[in-house]
2 protein chains.
Amino acid sequence: MSSKKEDLLRTSEALFYQNGFHAIGLKKIVGESNIAMMTLYNHFASKDELIMEVLNRRERQYMEQLNFAIAADPSERKKISESIYVRLARAHADWMNGRAARGCLFLRAKEEYGEDASHPIVQLVDGHKERLKAFIQSADSERTTSEVLQLCLLLEGATALAESEGPEIAARELIAITERLFADLQ
Amino acid sequence: MSSKKEDLLRTSEALFYQNGFHAIGLKKIVGESNIAMMTLYNHFASKDELIMEVLNRRERQYMEQLNFAIAADPSERKKISESIYVRLARAHADWMNGRAARGCLFLRAKEEYGEDASHPIVQLVDGHKERLKAFIQSADSERTTSEVLQLCLLLEGATALAESEGPEIAARELIAITERLFADLQ
DNA sequence: GCTTTAATAGAATGATCGTTCTACCTAGAG
DNA sequence: CTCTAGGTAGAACGATCATTCTATTAAAGC
């Protein structure tokens, strides 16, 4: 991938997250990305398509982080017995900790473009949430559908709480709750 | 209060919640409100001030609902022993159940106007979250600060989960978690 | 009846929006 | 050297934004 396109995507994600999708203009985005307007339109047909690529990239990175967390790590014997849900919560906490706390970028996209449910951005977000549920379900098949939804509720709640309390506090409470609710089964 | 102003505030809240603050224009708002543009500017100095009045109204209504839930109801003897946190969770579930599921309007406002932290809208939202914490703390003084934050996390999580799963499912899981975590103390 | 107040429709303003166009430049491949 | 592909700056487009102005109307208080 062109390094210009890389710059554009990274900068776009930061600016969308910081300002919102409608609030930020393409002029500011290409300015901060140090590219020309036509370079953006050479890579993406429209602002909507840029947004969707940003979201797809972000989903890939987030899922990678969750996936890494549940992949067995032989060097960490004592944590191996930790429940899978607690490990997922820790991975989500790690995700939050390095970043600005401005909510879930996917939900924010759905909120801004959701006036009609058939909008491609909305469908992308709905797909993301479905894939996340399916991933959690498959990560621990012993858990019920209700437990899957409860972990989703906790992860979303931590992301939202971080917006007012900061990521560290939100992460701490997320892990505390997850440990009480989803301690190891055996 | 003028009935035109009432109409305007009610319509504005619905449109802001449905579309987002930047995404909806004042032309559409006055159109749907059946008022003239100058009537809006007769009541509010700017769009920002309209937004802040909408948010203040919403906070008043939400807090009223929470307050009603913990006020002792002598006709409901069997529920009187229910923990205060569970009753707050039920009140939040009731709040969600009648409404469209588009997240927390306060956090959305902060997300859209939060590029600088001194923006009046951001300060209003921060104040709202602080007041909510203080209310929960004072509603059950036996609980620790950490437990206050945990209930906040659950309420925020339910609001977010409702955006993908619907309010009924989110409400059900919120109450299930709250009952497990915060059953009555005695 | 007269005055004041609030509301009206609609145009105007200047800014910014997403998108497109033009004309020029640069670097690497053949 | 020449060709090509991708990048450049900057203007232009029509649409929409928040805000203001104008001129008119309807109702209520004295």
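In what follows, every chain begins at residue 1, and chains take the letters A, B, ... in the order their sequences are listed.
Heavy atoms of N34(B) sit under 4.0 angstrom from primed sugar atoms or phosphate atoms, though from no base atom.
Between I35(A) atom CD1 and dC25(C) atom P the separation is 21 Å, expressed in whole Å. Residue M38(A) contributes atom CE, which lies 11 Å from atom P of dT8(D) at whole-angstrom precision. Rounded to whole Å, atom C1' of dG18(C) lies 14 Å from atom CD of E49(A). Separating the CG atom of L40(A) from the P atom of dT19(C) is a distance of 9 Å, rounded to the nearest angstrom. In this structure, the CG atom of L50(B) is 10 Å from the P atom of dT19(D), given to the nearest Å. Nucleotide dA7(C) holds its P atom 13 Å from the CD atom of E6(B), rounded to whole Å. Taking atom CG of D48(B) as the reference point, atom P of dA18(D) lies 10 Å away to the nearest angstrom.
Proximity note for S46(B) (side chain, C-beta onward) versus dC17(C), dA9(D), dT19(D): the nearest is dT19(D). Distances were taken from every side-chain heavy atom of T39(B) (C-beta onward) to each of dT19(C), dT8(C), dA6(C); the shortest belongs to dT8(C). Out of dA6(C), dA9(C), dT19(C), the shortest distance to the side chain of N42(B) is found at dA6(C). Closest to the side chain of Y41(B), from the set dT8(C), dT20(C), dT20(D), is dT20(D). In the set dT8(D), dC17(D), dA18(D), the nucleotide with an atom closest to the side chain of K28(B) is dC17(D).
Between H22(B) and Y113(B), a ring centre-to-centre spacing shorter than 6.0 Å is recorded.
With values rounded to the nearest 0.5 angstrom, L154(A) atom CG is found 13.0 Å from E156(B) atom CD.
For the pair R58(A) and Y17(A), the cation-pi criterion (under 6.0 Å, within 45° of the ring axis) is fulfilled. K5(A) forms a cation-pi arrangement with F44(A), by the criterion of a distance under 6.0 Å to the ring centre and an angle within 45° of the ring axis.
Side-chain nitrogen and oxygen atoms of K47(A) include at least one within less than 4.0 Å of the OP1 or OP2 phosphate oxygen of dG18(C). Close to dG6(D), at under 4.0 Å from its OP1 or OP2, lies no side-chain N or O of H43(A).
Listed by residue number, K27(B) are the residues of residues 10-27 of chain B with a heavy-atom contact under 4.0 Å to DNA chain C.
In summary, the side chains of S118(A) and Q123(A) do not present any donor paired with an acceptor at a separation below 3.5 Å, with no hydrogens or angles considered.
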Using the rule given for side chain to side chain contact (heavy atoms under 4.5 Å, CB included), can you reason through L40(B) versus K47(B), listing the C-alpha separation, both sets of side-chain angles and the distance that settles it, and then say yes or no? CA-CA 9 Å; L40(B) 187 159; K47(B) 188 184 189 182; over 6 Å; no
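Looking at heavy atoms from C-beta onward, V86(A) lies in side-chain contact with S83(A) at the 4.5 angstrom threshold.
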